[in-house]
Amino acid sequence: MTEATADGGVPCMLLRGGTSKGAYFLAGDLPSDPAERDDLLLRVMGTPDPRQIDGLGGATSLTSKVAVVSRSTRPGADVDYLFLQVGVDEAVVSDRQNCGNLLAGVGQFAVERGLVPAGDPETVVRVRMVNSGSVARTRFPTPGGAVRYAGGTAIAGVPGTAAPVVLEFADTVGSATGRLLPTGSVRDVVDGIPVTCVDNGMPVVVAAAASFGLSGHESHDALAADRRLLERVDRLRIRAGALMGLGDVTSSSVPKTTLVAEPGDGGMLATRTFIPVNPHTAIGVLGAISAVTAVRLPGAVGHDLTASWPAGGTRVDVEHPTGHLVIEVDVDPAAEPPAVRRSGVVRTARKLFDGTAFPRG
Ligand SMILES: O=C(O)/C=C(\CC(=O)C(=O)O)C(=O)O
């Protein structure tokens, strides 16, 4: 059932989730037919248009995102969260990937819309990530039973501070491909470049920055300006995507590519990520978890970079172009196949706007 208002408006909340920004909807407020829903979302976001001038999208893939949330009917989950990546200059709406950043706002949205009762002083919401079927736990402050967005936690890539949102993941292996190592091996050579293809929440092609003649410490803008590099990375990604069983990924938002190198800023691993063609200003949550899972595996590209990491440690400080993302990744690389026990991250989120979106003039 569509809860559009008489003038075609749809209830919508805009939240920043981690280093992304998205439009959050209740599933019941959107058309149930996916084609009709996608058509509405394209109009709401202003796609296709490189500036998304006639919509709410922010003209980058990180700000052209949608979360569709509903009460879950599955045991072990409170709400269902379907992530939709809305194209910017291409009229595409894709459910092929997850988003750990928008996940950081799902629990608060669920409380604000009355899907989940608030606890005091905090609330835990079990979120089934519809794109992959796995369940994440999100914990955030709700003193006195009201969502608090303000707080003292800073995350790289977001100015200021906000309340911490603790995300814990389980069962993320094979989110889009069914396997941790979707090509069946820990290392492949694609286009002459050694890669490790991994999927622990996000399908990612991991390669050494040095394979592209890079240090891995380049700025986002320097990478974005290097058209030849972007073409080479995309060619690699398209070939690797086929090897990963994802078919022709030419127009798909997955797999991502992460180039790894020695850290340069006191972290444990330097990363430069392409989502999927343009460089990320930071790194995605599940993308980082997948890339770190890969380098933890003996034989993987980048495994040499983990030699100085504390044995048995699970906390990894990942450098990216605008700072650091600290994640928890607990992997048993000795198991056959390698086992992922759990992973997690601290994010922040903020409600930016709550009102009615108008898909038509
Ligand atoms: O890889 C992308 O397209 C960007 C993401 C996805 C994400 O959150 C994740 O990897 O969990 C982001 O930074 O939001």
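Bear in mind the structure is a predicted one, so any value in this text is a computation, not a measurement.
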### D304 CG: over 12 foreign heavy atoms closer than 6.0 Å
yes
### Query
Ignoring hydrogens and geometry, is there a side-chain-to-backbone donor-acceptor pair from D330 to R341 under 3.5 Å?
no
### Task
Not counting sequence neighbours, which residues clear side chain to side chain donor-acceptor pair (under 3.5 Å) with R139? List them please.
none
### Query
Under 4.5 Å between any side-chain heavy atoms of V68 and Y81, yes or no?
no
### Message
Taking transitive links into account, so neighbours of neighbours count too, which hydrophobic residues share a cluster with V124 at under 4.5 Å side-chain distance?
### Response
none
### Task
Quick one: list whatever passes salt bridge (Lys or Arg N to Asp or Glu O under 4.0 Å) with D188, sequence neighbours left out.
none
### Task
Any chance you could lay out the side chain to side chain contact (heavy atoms under 4.5 Å, CB included) test for I327 and V318, step after step, and finish with the verdict?
CA-CA 8 Å; I327 55 176; V318 177; 4.1 Å; yes
## Note on the structure
P298 and V186 have their tightest heavy-atom pair at O-CG2, 3.8 Å
#### Entry: Atom CZ of R96: over 12 foreign heavy atoms under 6.0 Å
yes
### Query
Does the side chain of L82 come within less than 4.5 Å of R37's, by heavy atoms?
yes
### Query
For E90, which residues count as a side chain to side chain donor-acceptor pair (under 3.5 Å) partner, sequence neighbours excluded?
none
### Query
Is the closest side-chain heavy-atom distance between P194 and S211 below 4.5 Å?
yes
### Query
Got P255 and P276 here, is their nearest side-chain heavy-atom distance under 4.5 Å?
no
### Message
Is there a side-chain contact between K21 and T60 in this structure, where contact means two heavy atoms from C-beta onward sitting under 4.5 Å apart?
### Response
no
### Pairing residues for E328 by the side chain to side chain donor-acceptor pair (under 3.5 Å) criterion, not counting sequence neighbours
T314
### Query
Hey, what else clusters with L246 if you join Ile, Leu, Val, Met, Phe, Trp, Tyr whenever side-chain heavy atoms sit under 4.5 Å?
V190, I193, V195, V205, F212, L214, L223, L229, L230, V233, L236, I238, L243, M244, V249, L259, F274, V277
### Task
Take L102 and Y24, measure what side chain to side chain contact (heavy atoms under 4.5 Å, CB included) needs, and give me the verdict at the end.
CA-CA 9 Å; L102 280 207; Y24 290 63; 3.6 Å; yes
### Message
Suppose clustering is done on Ile, Leu, Val, Met, Phe, Trp and Tyr with side-chain heavy atoms closer than 4.5 Å. Which residues sit in the same group as V158?
### Response
I155
### Task
Report the residues that fulfil salt bridge (Lys or Arg N to Asp or Glu O under 4.0 Å) with R360, sequence neighbours left out, ordered by chain and then residue number.
D39
## Note on the structure
salt bridge (Lys or Arg N to Asp or Glu O under 4.0 Å) filter on E218, not counting sequence neighbours, yields none
### Task
State which residues pass side-chain contact (heavy atoms from CB on, under 4.5 Å) with P164; sequence neighbours excluded, sorted by chain then number.
T153, V346
### Message
Does K65, at its NZ atom, have more than 12 non-hydrogen atoms belonging to other residues, nucleotides or ligands within less than 6.0 Å?
### Response
yes
### Transitive ILVMFWY cluster of I53, excluding itself - 4.5 Å side-chain cut-off
none
### Message
Would you say T123 and T142 are linked by a side-chain donor-acceptor pair, where the criterion is simply a distance under 3.5 Å?
### Response
yes
### Query
Which heavy-atom pair separates C99 from S20 by the least distance, and what is that distance?
SG-OG, 4.5 Å
### Task
Identify, with sequence neighbours excluded, every residue that meets side chain to side chain donor-acceptor pair (under 3.5 Å) alongside T258.
T273
### Task
Answer yes or no: are there more than 12 heavy-atom neighbours, outside R113 itself, under 6.0 Å from its atom CZ?
yes
#### Entry: Atom CZ of R232 with >12 non-hydrogen neighbours under 6.0 angstrom
yes
### Query
Is there side-chain contact between V79 and V106, with heavy atoms separated by less than 4.5 Å?
yes
